[in-house]
Amino acid sequence: MLYYIEVNVTAAFAKANLPELLKAVERGESVTISRYNKPVAVLSPAPEAAKPKRKLGTLRGKIKIIDPNWAAPMTDEEVEAFVEGQY
C-alpha cells in the first residue's frame, strides 16, 4: 500500500532544492510548487512503465556454437592437466 504525502514549496525553494524534491517524489511524496501562494505545478511519482513482453526465438541464427562438445565431461587426463595448470 502506497501512501502519498503532499509537500507545498515555493518556486524559489524548488529552484534551489530540486534534487531533494526529486528524491522525495521517488519516495512516493507529491510536491506542489506555488508562486505567490497559488499552486502552479505538481511533481508526483510517474506511473510504472509497462515492461515489454519477451519474445522467444529472437536470437535464432545469431549465436555461433564454436565447440559442439562444450558440455561434454572432461576425461581424467584432462582434469589432471587442468588441476596442474597445463590445460
Side-chain angles (χ1 to χ4, degrees):
M1 184 183 294
L2 291 175
Y3 294 101
Y4 291 103
I5 300 170
E6 242 183 83
V7 178
N8 294 315
V9 298
T10 63
F13 182 87
K15 181 179 177 182
N17 298 293
L18 183 60
E20 289 81 13
L21 294 176
L22 290 176
K23 287 179 186 176
V25 171
E26 287 176 342
R27 289 190 305 265
E29 299 177 25
S30 179
V31 178
T32 302
I33 302 172
S34 300
R35 183 180 286 162
Y36 304 114
N37 293 324
K38 292 183 182 178
V40 293
V42 176
L43 297 176
S44 60
E48 292 290 327
K51 294 182 182 178
K53 285 190 172 184
R54 290 184 172 181
K55 293 182 182 178
L56 297 177
T58 56
L59 292 177
R60 181 175 291 155
K62 296 181 182 178
I63 297 174
K64 286 185 181 179
I65 298 176
I66 296 172
D67 183 10
N69 297 322
W70 65 271
M74 296 172 74
T75 63
D76 291 336
E77 293 82 21
E78 290 174 331
V79 171
E80 288 175 13
F82 181 77
V83 171
E84 293 174 3
Q86 300 173 3
Y87 200 79

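A pairwise comparison of heavy atoms in Ala11 and Ile33 identifies CA-CG2, 3.7 Å as the closest pair. When every heavy atom of Ala14 is checked against every heavy atom of Leu21, the shortest pair comes out as CA-CD1, 3.5 Å.
Residues satisfying the side chain to side chain contact (heavy atoms under 4.5 Å, CB included) test with Ala16, not counting sequence neighbours, are none.
Rounded to the nearest 0.5 Å, atoms CD (Glu80) and OG1 (Thr75) are 8.5 Å apart. In this structure, CZ in Arg27 is found 11.0 Å from CG in Leu22, a value given to the nearest 0.5 Å. The line from CD of Glu77 to CE of Met74 is 10.5 Å long, rounded to the nearest 0.5 Å.
Under the 4.5 Å side-chain criterion, counting only non-hydrogen atoms from C-beta, Pro45 is in contact with Val25.
More than 12 heavy atoms of other residues, nucleotides or ligands lie within 6.0 Å of CG in Asp67, so this atom counts as buried by the packing criterion.
By the criterion of side-chain heavy atoms lying less than 4.5 angstrom apart, applied directly or through intervening Ile, Leu, Val, Met, Phe, Trp or Tyr residues, Leu56 is not grouped with Leu59; the two fall into different hydrophobic clusters. The hydrophobic clustering, which links ILVMFWY residues whose side-chain heavy atoms are closer than 4.5 Å, places Val40 and Val42 apart.
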